[in-house]
Amino acid sequence: MTTRLIYFAWVRERIGASEEDVELPDGIETVADLLRWLKSRGEGYEQALQYPDVIRVAINQEHVDHREKISGAREIALFPPMTGG
Amino acid sequence: MTGAAVPVVRIQAQDFDVAAEIARLTQGRADIGAVVSFSGLCRDDAGSLSALELEHYPGMAEAEIARIAAEAVQRWPLQGLTAIHRHGKIRPGENIVLVVAASAHRQAAFEAANFLMDYLKSRAPFWKKEHRADGSEGGWVEAKEADDEAAGRWKTSE
């Protein structure tokens with residue numbers, strides 16, 4: 001299944017793309033698995049995801065924590081802590 | 001009127017008119033005794049900042065603020081609630097965000113507006129990037145722990 005990944009703020013800048021469609025390999029079950037896999041995909045990803053604990057994640061536009069299962073996710077967004085308001 | 005007020009949530013690039021937004025909640029009604037409005041503005045940090053660039057997550061920004069607003073109208077007896085957040089380039093002195101809460105009494109209006117702002121700061125998907133006045137590239141504004149703590153104090157013990 002194809003999953004759309006969306007990146008914001010410095011996560012977007014370091015990865016060098018605002019979104020991409022990926023085929024997740026077998027064994028990627030949780031958000032934490034996804035972050036670990038992404039980090040191994042190249043220098044930009046490595047830089048963006050150097051400290052995975054600070055990365056916030058939304059699945060289908062709702063906040064989730066890193067233990068959340070990602071099966072069935074159409075859209076997963078990765079971003080830094082928010083600074084609106 | 002029966003049931004909870006339906007919040008108005010808008011995400012927009014253009015400015016808003018604070019007085020007009022307050023009037024929209026109170027016009028033609030006699031049951032509102034208190035209106036609290038909060039506006040957040042862009043400041044220039046002692047002249048060093050020329051603008052803020054606000055990036056947002058379209059779709060989720062609206063949805064997340066709507067979720068927070070829906071919780072506010074459940075928790076406090078409100079006659080009206082409005083939340084407007086701008087995105088794009090905003091210069092010092094310009095508006096960034098507006099929250100208006102209307103209620104029969106002041107306490108509910110104060111608390112709901114405060115709650116909405118605290119939650120909005122730590123949960124609404126917006127990110128601020130600085131443009132420096134000297135032309136050098138500014139960085140992304142860092143999230144403050146104090147903002148998370150401010151949101152945490154509203155947690156209910158469920």
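Quick caveat: nothing in here was measured; it's all calculated off a predicted structure. Below, read A as the first sequence line, B as the second, and so on, with proteins coming before strands; counting in each chain starts at 1.
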Would the number of heavy atoms belonging to other residues, nucleotides or ligands and lying under 6.0 Å from [atom1] of [X] be above 12?
X      : atom1 : answer
B/F110 : CZ    : no
B/R132 : CZ    : yes
B/R106 : CZ    : no
B/R91  : CZ    : no

Which region of [X], side chain (C-beta onward) or backbone (N, CA, C, O), has a non-hydrogen atom less than 4.5 Å from a non-hydrogen atom of chain A, or is it both or neither?
X      : value
B/R123 : both
B/K121 : both
B/E142 : backbone
B/H56  : backbone

Legend entry - Best-contacting candidate, A/P80, A/G85, A/P81, against chain B by heavy atom pairs under 4.5 angstrom: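 So the answer, after comparing A/P80, A/G85, A/P81, is A/G85.
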
Decide whether [X] and [Y] are clustered together by the hydrophobic rule: side chain heavy atoms of Ile, Leu, Val, Met, Phe, Trp, Tyr closer than 4.5 Å, transitively.
X      : Y     : value
A/V31  : A/F79 : yes
A/I15  : A/W10 : yes
B/W127 : B/L49 : no
B/L98  : B/W76 : no
B/V100 : B/L78 : no

Contact leader toward chain A among [options], where contacts are heavy-atom pairs under 4.5 Å:
options                       : value
B/E64, B/K129, B/R67          : B/R67
B/V141, B/L120, B/V99, B/D147 : B/V141
B/A61, B/A63, B/A124          : B/A124

Legend entry - Distance-minimising heavy-atom pair for A/Y7 and B/E55: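 Heavy atoms only, the tightest pair is O-OE2, 4.5 Å.
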
Legend entry - Per-residue contacts, residues 46-78 of chain A versus chain B, heavy atoms under 4.5 Å: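 Heavy-atom contacts from residues 46-78 of chain A to chain B are A/R56, A/A58, A/Q61, A/E62, A/H63, A/E75, A/A77.
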
Inset, instruction - Evaluate the ring planes of B/Y57 and A/F8, with Trp represented by its six-membered ring, and classify them as parallel (under 30°), tilted (30 to 60°) or perpendicular (over 60°). - result: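 B/Y57 and A/F8: tilted rings.
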
Inset, instruction - Please check if the side chain of A/T83 supplies one atom and the backbone of B/A143 the other of a donor-acceptor pair under 3.5 Å. - result: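 Pair absent, no side-chain N/O of A/T83 close to backbone of B/A143.
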
